[in-house]
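A quick write-up on the structure given underneath.
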Amino acid sequence: MSESEYDPLKIEQRWMGVWAEHPELNHARLDRAAEKKYVLVEFPYPSGAGLHVGHVWGYTMGDVTARYSRMNGYNVLFPMGWDAFGLPTENYAIKKHITPQEATAENVATFRTQMDAMGFSFDWQREINTSDPDYYRFTQWIFIQLFKKGLAVKEKMPINWCPKCKSGLANEEVTSDGLHERCGTPVEQKMLEQWVLKITEYADRLIKDLQTVDYTEDIKQQQINWIGRSEGAKFTFRVKDNKGEIEVFTTRPDTLPGATYIVLAPEHHLVPGITSSEQQEEVTRYISQAKTKTRLQRSDLQKDKTGVFTGTHVTNPLTGENMPIWVADYVLTDYGTGAIMAVPAHDERDFEFAKRYDLPIKPVIDPKDGVGDEERSTLLSGESCYVGEGTMINSGQFDGVDSVSARSAVVEHIGGVKTVTYKLRDWIFSRQRYWGEPIPMVYCSDCGWLPVPESDLPITLPPIDNLDPTEDGSSPLARVEEWVNTVCPSCGGTAKRETDTMPNWAGSSWYFLRYCDSKNENELASRQAMEYFMPVDLYIGGAEHTTLHLLYSRFWHKFLYDLGIVPTAEPYAKRRNRGLILASDGRKMSKSLGNVVNPLDEVDKVGADALRMYELFMGPFQESFPWNPSALKGVYRFLSRVWNINAGMQEASVEDTNEKILRKLHQTIQKVSLDIEDMKFNTAIAAMMEFINEVEGNNFAININDWSKFLLILAPFAPFVAEELWQLNAKSGSSFDSVHAQTWPTFDENLVVSSEVVIPVQVNGKFRSTITIPVSEVDLQEKILNMGRLAEGVKKHIAQGEIIREIYVKGKTINFVVRIPDDATTRENKQG
RNA sequence: GCCGGGAUGGUGAAAUGGUAGACACUCAGGACUUAAAAUCCUGUGCCUGAUAAAGGCGUGCGAGUUCGAGUCUCGCUCCCGGCACCA
């Protein structure tokens, strides 16, 4: 029959070439008359490894959505670019003895070729590269605005330091195991002067505005937890012998009467001043021990709290009781005030510590109902700890008060201050490496830190021979004296440039804005373009960015919104995280395990169309799946069958499409449309497979016109083969009229429903048989329930007893409730 | 410990409270072939039964609501992801 076989490599090569000559197919226009759709997928870090299967998955989801939207008449912005700055490129360049610029250009070229091979319909007219000076001049400009508003400050502080990358890191870049999220090296603490962005100033709005966006619940919760907002109060305790004051933060001011000691973090600035001479030696030893512990070791030792007594006391402002001051590393320097009031009776950590060091435990809350008598008595005797609410006891004037209302009463009474604290840390923004945006600041010994004049932007990276990082925590840029030495923009005297660079998260914090107007030389994007295209309508990316890129970019966007530069308070109207593709052994794909699947190898075997469809067909987009080569075969078979049907049709030329096929076609159009909108790509593909099965099961009785509608809905998923078959069938020849420029087919409501309805018949809720009735009869309850057409099997079950109820749910089901004598007896027994 | 998400055949998975297992993979049998691959056809949740007819069981566990529960409610167990001495 068919002389030609499905040969994906041949047709994909051909259309890749043709599409390259018609980039306008994918161009978004600044056309206010048209309705826009901004579909964004996270731009890749162009590493030496090339595109991986995870990229392909996310980009295919975006591509299907973009193509579908175009066919539905939207003016679609579906852009792509390169998140090119960062450590891996720099390390790769060092290894290969080339410059990072060369490494980047090389990798970008590879990625571009691979993306074209996958058939992604990106608007390359708007391509961006974060390491391009024309791009990063605006990244630097935003930094200067942050500085001007006091949101970028230089501070000397202990920071997370990666000894392998020889650079400081943000809190978000350290995993919960205390490792650098990029290279897996245990992170150390180091004192350095760093630029810090005050993301905490936006903490409340970053939480609150989550209500205004469509993110899945897990993303919202993860961001909320990461920001970690706690309401509480600050109290001041006066240290005895006039040794100053200690401020603590607590979320439970009501437990103040039960506070029996104070704990300072080892790094707390008051420790040296308040330590008594007898305790000096012990405290010093403890602190130096704590310093050597990494973050990982500290949290590993959770169960084993240690500390030392300083030899000094404070007075409890409520009870007048004497409270010893301890130093312990279970109290963190950088949360709250770095000091706590310990209430062992009502806090598990304090309880454990008090037990170990034999400190007094004083219960002040009598538990509410729901606590057993036994438990209550162990609590009231100080043998256990209770963190819930209840009635105040042993609390003087507050006795009998409910613990919740006691909170503000206590704060007021002793002159505390209600405070909100966050787990979120300010964003450490300096990196001591070469391959990043230079921070556009100058230091003058007379004038201090000043931004470079905006007219000098971009401050470009000077060429450099030696990229090796330094041990002392300064950037390799510090070695380029002619670049470092400059004049003060204020007094004209000698000054030095900042030699640290920005983290790789900088460029990606605003890139979606640049796509709106990527060639603009005067501003990051024109107001007009942003008003039209923003916000992003759908943003697809990886879950690993939830508390990194996603949070950072929301922060920058809100800052730009406050400056009146961007038109929306939130950058992304809808965000979906895709799952992970694992290796076939179920483990994570990694170079070291040697189990990485290279998507281009798969393209060579089965073609890009099959690879795209396989990844979408794996299952729901947010789940994780191991790589399964035999399932890939399944979609390849599907495409071959599509190919063969098309070939057969060209010969047979059917006039009228068989009714069953026609109805299935319209049902499929409807199903595929709804599923793309819901991102249920797997069931959309299943529906197209069902359609093919229907066509084959009914002797291929479909005419070319109806078949073409199927090619249209196939086009977003398998753009190459759909184009090939569309062009074969068109036969017009002369001018190129792409399948991807066609209008999405509509479905006929009357054809979507079947002519007959199959209704399940149940007896006592148990399925027994079905009856088939014409659609016109679904409303005729009497007729349906009294029909003699019931199957014998059903009648048999009904005959076992007496019908006590008949239920007909229109078009859905029939249920006969039958009382069976035996059953009735047992029921009566039960009731009796 | 806290937060979020899950648990359905041999496998990946479908199922607005209404025929559980669509679609695909795997496997078995058959066709084509000298043979294999590819392709096509048939079967494929478990149990009883004869490979039939028919029946029973079945969506992690235990209760509940309902004429009817994979789906809703309550209580558990386990798995995955995130956070974790956050006062």
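Below, chain A is the first sequence line, B the second, and so on; all start at residue 1.
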[atom1]-based separation of [M] from [N] [nearest Å]:
{"N": "B/G58", "M": "B/G21", "atom1": "C1'", "value": "11 Å"}
{"N": "B/G43", "M": "B/G70", "atom1": "P", "value": "27 Å"}
{"N": "B/A69", "M": "B/A13", "atom1": "P", "value": "26 Å"}
{"N": "B/A52", "M": "B/A37", "atom1": "C1'", "value": "37 Å"}

Could you check how far [atom1] of [X] sits from [atom2] of [N], rounded to whole Å?
{"X": "A/Gln667", "N": "B/A22", "atom1": "CD", "atom2": "P", "answer": "17 Å"}
{"X": "A/Met341", "N": "B/A87", "atom1": "CE", "atom2": "P", "answer": "12 Å"}
{"X": "A/Tyr422", "N": "B/A84", "atom1": "OH", "atom2": "C1'", "answer": "20 Å"}
{"X": "A/Phe617", "N": "B/A22", "atom1": "CZ", "atom2": "P", "answer": "12 Å"}
{"X": "A/Lys766", "N": "B/G18", "atom1": "NZ", "atom2": "P", "answer": "17 Å"}
{"X": "A/Leu616", "N": "B/A14", "atom1": "CG", "atom2": "P", "answer": "13 Å"}
{"X": "A/Ile224", "N": "B/G4", "atom1": "CD1", "atom2": "P", "answer": "10 Å"}
{"X": "A/Tyr614", "N": "B/A13", "atom1": "OH", "atom2": "C1'", "answer": "13 Å"}

Original post:
Mapping A/Arg425 and A/Ile807 onto RNA chain B by nearest heavy atom, which one lands closer to the 5' end?
Top reply: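 Between the two, 5'-proximity favours A/Ile807.
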**OP:** For A/Gly619 and for A/Tyr335, locate the closest nucleotide of RNA chain B by heavy-atom distance; then report the residue assigned to the nucleotide nearer the 5' terminus.
**Re:**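 Its nearest nucleotide being more 5', the pick is A/Gly619.
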Tell me yes or no: between the side chains of [X] and [Y], is some donor less than 3.5 Å from an acceptor?
{"X": "A/Asp204", "Y": "A/Tyr422", "value": "yes"}
{"X": "A/Asp350", "Y": "A/Tyr330", "value": "yes"}
{"X": "A/Asn595", "Y": "A/Ser590", "value": "no"}
{"X": "A/Gln189", "Y": "A/Asn160", "value": "yes"}

Classify the nucleic acid contact of [X] as base, sugar-phosphate or nothing, counting any heavy atom under 4.0 Å across all strands shown.
{"X": "A/Phe625", "result": "sugar-phosphate"}
{"X": "A/Gln762", "result": "base"}
{"X": "A/His346", "result": "nothing"}
{"X": "A/Lys220", "result": "nothing"}
{"X": "A/Val809", "result": "base"}
{"X": "A/Val263", "result": "nothing"}
{"X": "A/Pro626", "result": "nothing"}

Ring centroid separation for [X] and [Y], is it under 6.0 angstrom?
{"X": "A/Tyr636", "Y": "A/Tyr6", "value": "yes"}
{"X": "A/Trp643", "Y": "A/Phe638", "value": "no"}
{"X": "A/Trp326", "Y": "A/Tyr357", "value": "yes"}

Original post:
Which dot-bracket string fits RNA chain B when only Watson-Crick or G-U wobble pairs with both atom distances under 3.5 Å count, crossing pairs get [ ], and | stands for a partner on a different strand?
Top reply: (((((((..(((.....[....))).(((((.......))))).((((.....))))..(((((..]....))))))))))))....
Original post:
Side chain of A/Asn225: nearest nucleotide among B/A87, B/A24, B/G82?
Top reply: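 Closest nucleotide to the A/Asn225 side chain: B/G82.
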Original post:
If only side-chain N and O atoms of A/Arg768 are considered, is one of them under 4.0 Å from the OP1 or OP2 phosphate oxygen of B/G56?
Top reply: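 So the side chain of A/Arg768 is within the cut-off, an N or O lying under 4.0 Å from OP1 or OP2 of B/G56.
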Subject >> A/Asp329 bridged to A/Lys305 by N-O distance under 4.0 Å >> reply: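 Here A/Asp329 does not pair with A/Lys305 in a salt bridge, since their nearest N and O are not under 4.0 Å apart.
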